[in-house]
Amino acid sequence: MDKGLNTAIVTIELMLAAALPLAPVIAMVPAYSAERQSQDAETPDARFEKIYTDEYSWRISRLPPGEENQSADPLRLPDVGPQEQAAKLARWTATAALLADIDPATLSPANQINYEVYKDQIDALIAQQRYRDYEKPFNADTSFWGEVAVWSRETFTRPEEYENYLAMLREIPRYYDQQIANMRAGIARGFTAPRITLAGRDSEIVAVVEAATPEESPFYAPFREMPASMPEARKAELRAQAVAAIRDAVKPAHAKLLTFMREEYTPAARTSLDAYSLPDGRAYYQSKIREFVTLDLTADQIHQIGLDEVAKIRARMMDVIRQVGFEGSFAEFLEFLRTDPQFYAKTPQELLDRAAWTAKSFDGVASRWFGHLPRARFGIIPVPPEIAPFYTGGRGGPGVYLVNTYNLPSRPLYSLPALTLHESAPGHAFQMPLAAENKDLPAFRRDTYISAYGEGWALYSEALGEEMGMYTTPYELFGMLSYQMWRATRLVVDTGIHTKGWSREQAQQYMLDNTALARHEIETEVDRYISWPGQALSYYMGALTIRQERARAEAALGDKFNIRAFHDTVLALGSVPMSLLKQRIDRFIADGGAGPYPDEE
């Protein structure tokens, strides 16, 4: 980092401690002015590239492996204490001020796109710090202790990997103490998770605390089977260190956290559900709309879009019901789907096998719909049993498609093709590797995941399955429509809960009335929306934008429209706000439908 900017940040941190406004502070800092003046002689592109390169290197140095930072060596837990939180706010505020000094029109075409993506990232990071999201470091879907536990399921092959893992285990007490301090600050200002979503959330903590010996702890798992090539003496040494780390650091830290969660946090957690009841709640929820939708829309507008889309999908669902000759009401058809054994796997392996069949079926048609395919492949594995009861039906990403085999009566086979297209290919396990492999993008675009784009693309992939012939029965088509309905109802439910006073039961009933999801999955999903305001909006709003942009391109280009070129154009962006996607399709149309790769025809 340049000395001038570093001095500016240190000065801003001091002013933060004095609770002074940031904007006038930055303007007063001589080092910041010097930094700006030193860049005057550089080209706008060089100035911009230096800003994002310096800041992004600084950013990933503070992230745990897996969160943008793709390096897992060495394993480490981040500093989440108050000084570090102040430093983040200061750094990103200073970065925003430097960006404001650059006129995007003076940048190259590629950097004009980079600028908009990067500025959107910085704005979202500033909002997260200003609203102090770090004081609520878990929700009904993910938790900081769960993210730590993920590394206990890794397979290590080299002694240094085990050493890094052991170093992480020894850091757990410090990391958990910082998280507890942050949560106490959240309690003090009424910024907590809703109490109603906390039941059972401590199960992973309990598993660590109740392990009778260190060797029975979940964190000892990597040491149970070690590489045959490693000398036995080295194995014994590492295992002894693991026993000591789990006994002296891991278990006491989890015991302390469990006591805090049960005796302090849960009793003090808020009883309200809505984001509006949080400190500065209306502005906070609007910031989440901006972060997760990446369009300037209000909660009321999104709620109405949701109602309109639910009506459209409901009409298509009724067509399928008539097609299969079912005699009964919509509600009775949903009950038939939820209860008839023909629609459910009898073993976890059967569910995994059906998922694999769908994934392989896509491979047979992929080249007709995509000109550029990722090099990376993915595996299909079950969700680990310790997290499965609270986990979504599936989750995909680079190299993996997780399928939840817990509670098989809640995992219908008729919706499995849509789930697979969403989580594996051409959804997450397809789109994310393409972004990571695109060396034309700067690292902050290759590594970063924007929910409206990523989840929007995955949901678009579900609907695309109909065109690709992936749904072989009317019931599978209904499963896709139910999944579309699931995401459309999220627009209604999320805004209903957080801005319109909806109860948990009201939200659950709305989804029961409109989707074929099992009751267990609906209960899990609604708790996720309650505890994670705004995130659920990203899926349908992103997919809707992609569908609208495709329709616009098809209408403008007519016979020149090439579906492979369109898909490649969207995927070559990496992960961008929806406003940038619209701009890119403007250029796609202006270029006569030419995609980013030469072999799309």
Side-chain angles (χ1 to χ4, degrees), residues 302-340 342-343 358 361-362 365 369 393 412-423 426-427 455-496 507 509-518 521-522 525 536-555 563 566-567:
I302 292 173
H303 191 83
Q304 187 59 53
I305 290 171
L307 292 172
D308 294 342
E309 292 299 310
V310 165
K312 293 176 186 176
I313 299 168
R314 178 69 168 263
R316 286 209 64 197
M317 295 170 87
M318 293 303 299
D319 288 341
V320 176
I321 292 173
R322 285 189 286 270
Q323 180 184 348
V324 299
F326 182 83
E327 295 182 1
S329 68
F330 184 79
E332 288 171 333
F333 186 72
L334 295 186
E335 185 63 18
F336 162 64
L337 293 180
R338 291 186 181 115
T339 57
D340 195 300
Q342 69 173 301
F343 298 123
T358 299
S361 296
F362 167 74
V365 300
W369 299 89
L413 294 172
Y414 59 78
S415 62
L416 189 62
L419 176 68
T420 300
L421 293 175
H422 182 111
E423 302 294 349
E455 298 298 346
W457 171 261
L459 184 55
Y460 169 82
S461 297
E462 294 178 26
L464 183 65
E466 183 177 7
E467 298 178 69
M468 294 189 296
M470 299 295 294
Y471 304 116
T472 59
T473 71
Y475 295 110
E476 289 181 348
L477 177 61
F478 192 91
M480 182 276 290
L481 292 172
S482 182
Y483 265 28
Q484 296 288 309
M485 179 69 90
W486 172 20
R487 279 43 166 261
T489 59
R490 286 176 174 180
L491 304 183
V492 181
V493 168
D494 196 281
T495 53
Q509 191 60 50
Y510 187 81
M511 296 188 76
L512 280 168
D513 291 343
N514 287 288
T515 78
L517 294 174
E521 193 160 17
I522 286 173
E525 286 294 316
L537 306 176
S538 57
Y539 298 71
Y540 202 88
M541 292 306 302
L544 183 62
T545 303
I546 294 171
R547 293 204 307 268
Q548 289 171 340
E549 291 306 298
R550 174 178 164 180
R552 186 164 68 91
E554 287 174 329
I563 190 63
F566 175 80
H567 287 154

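FYI, the numbering just counts along the sequence from 1.
- Contact of the Glu554 side chain with the Phe566 side chain is not registered, since no non-hydrogen atoms from C-beta on lie closer than 4.5 Å.
- Across all their heavy atoms, Ala488 and Ile313 have their closest contact at CB-CD1, 3.9 Å.
- For the atom pair CG of Leu416 and CD of Glu423, the computed distance is 11.0 Å after rounding to the nearest 0.5 Å.
- Of all the heavy atoms in Asn514 and Val310, the pair that sits closest is OD1-CG1, 3.8 Å.
- Side-chain contact between Val492 and His303 is present, with heavy atoms from C-beta onward closer than 4.5 Å.
- Taking the six-membered ring for Trp, Tyr471 and Phe478 have ring centres at least 6.0 Å apart.
- Applying the side-chain hydrogen bond (donor to acceptor under 3.5 Å, both in side chains) test to every pair with at least one member in residues 477-486, sequence neighbours left out, gives these pairs: Trp486-Tyr529.
- The salt bridge (Lys or Arg N to Asp or Glu O under 4.0 Å) check on Glu335 picks up nothing, with sequence neighbours excluded.
- Residue Leu464 forms a side chain to side chain contact (heavy atoms under 4.5 Å, CB included) with just one option from Arg547, Met470, Arg550, and that option is Arg550.
- Interatomic distance, OG of Ser461 versus CE of Met468, reported as 7.0 Å (0.5 Å rounding).
- Of the candidates Glu455, Met541, His422, Arg487 forms a side chain to side chain contact (heavy atoms under 4.5 Å, CB included) with just one, namely His422.
- Side-chain contact check for Gln323 and Asp319: no donor-acceptor pair (N or O, by modelled atom type) lies under 3.5 Å.
- Of all the heavy atoms in His567 and Tyr460, the pair that sits closest is NE2-OH, 2.7 Å.
- Counting all heavy atoms, side chain and backbone alike, Val493 lies closest to Met511 at CG2-CG, 4.0 Å.
- Pairing each heavy atom of Pro417 with each of Thr358, the nearest pair is CA-CG2, 3.8 Å.
- Taken from CD1 in Ile302 to CG in Leu307, the straight-line distance is 12.0 Å, to the nearest 0.5 Å.
- Looking only at distances, no side-chain donor or acceptor of Glu309 sits under 3.5 Å from a matching main-chain atom of Ile305.
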Going through the checks in order, is the side chain to side chain contact (heavy atoms under 4.5 Å, CB included) test met by Glu525 and Ile522? CA-CA 5 Å; Glu525 286 294 316; Ile522 286 173; 5.7 Å; no
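- Here Leu413 contributes atom CG and Leu419 contributes atom CG; the two are 11.5 Å apart, rounded to the nearest 0.5 Å.
- Distance CG/Leu459 to CE/Met480: 9.5 Å, rounded to 0.5 Å.
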Set out, in order, the CA-CA distance, both residues' side-chain angles and the distance that settles side chain to side chain contact (heavy atoms under 4.5 Å, CB included) for Tyr475 and Leu337, then state yes or no. CA-CA 9 Å; Tyr475 295 110; Leu337 293 180; 4.0 Å; yes
From CA spacing to verdict: side chain to side chain contact (heavy atoms under 4.5 Å, CB included), Phe330, Met317: CA-CA 9 Å; Phe330 184 79; Met317 295 170 87; 3.9 Å; yes
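- Contact of the Phe362 side chain with the Thr420 side chain is not registered, since no non-hydrogen atoms from C-beta on lie closer than 4.5 Å.
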Could you go through Leu537 and Thr495, starting from their C-alpha distance and side-chain angles, then the distance that decides it, and tell me whether this counts as side chain to side chain contact (heavy atoms under 4.5 Å, CB included)? CA-CA 9 Å; Leu537 306 176; Thr495 53; 4.2 Å; yes
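- Of the possible donor and acceptor atoms, one in the side chain of Trp457 sits under 3.5 Å from a partner among the backbone N and O of Pro426.
- The minimum heavy-atom distance linking Thr515 with Met485 is given by the pair CG2-CG, 3.8 Å.
- Separation of atoms CE (Met318) and CZ (Phe326) is listed at 10.0 Å; rounding is to 0.5 Å.
- Looking only at side-chain heavy atoms (C-beta outward), Tyr414 and Gln342 stay at 4.5 Å or farther from each other.
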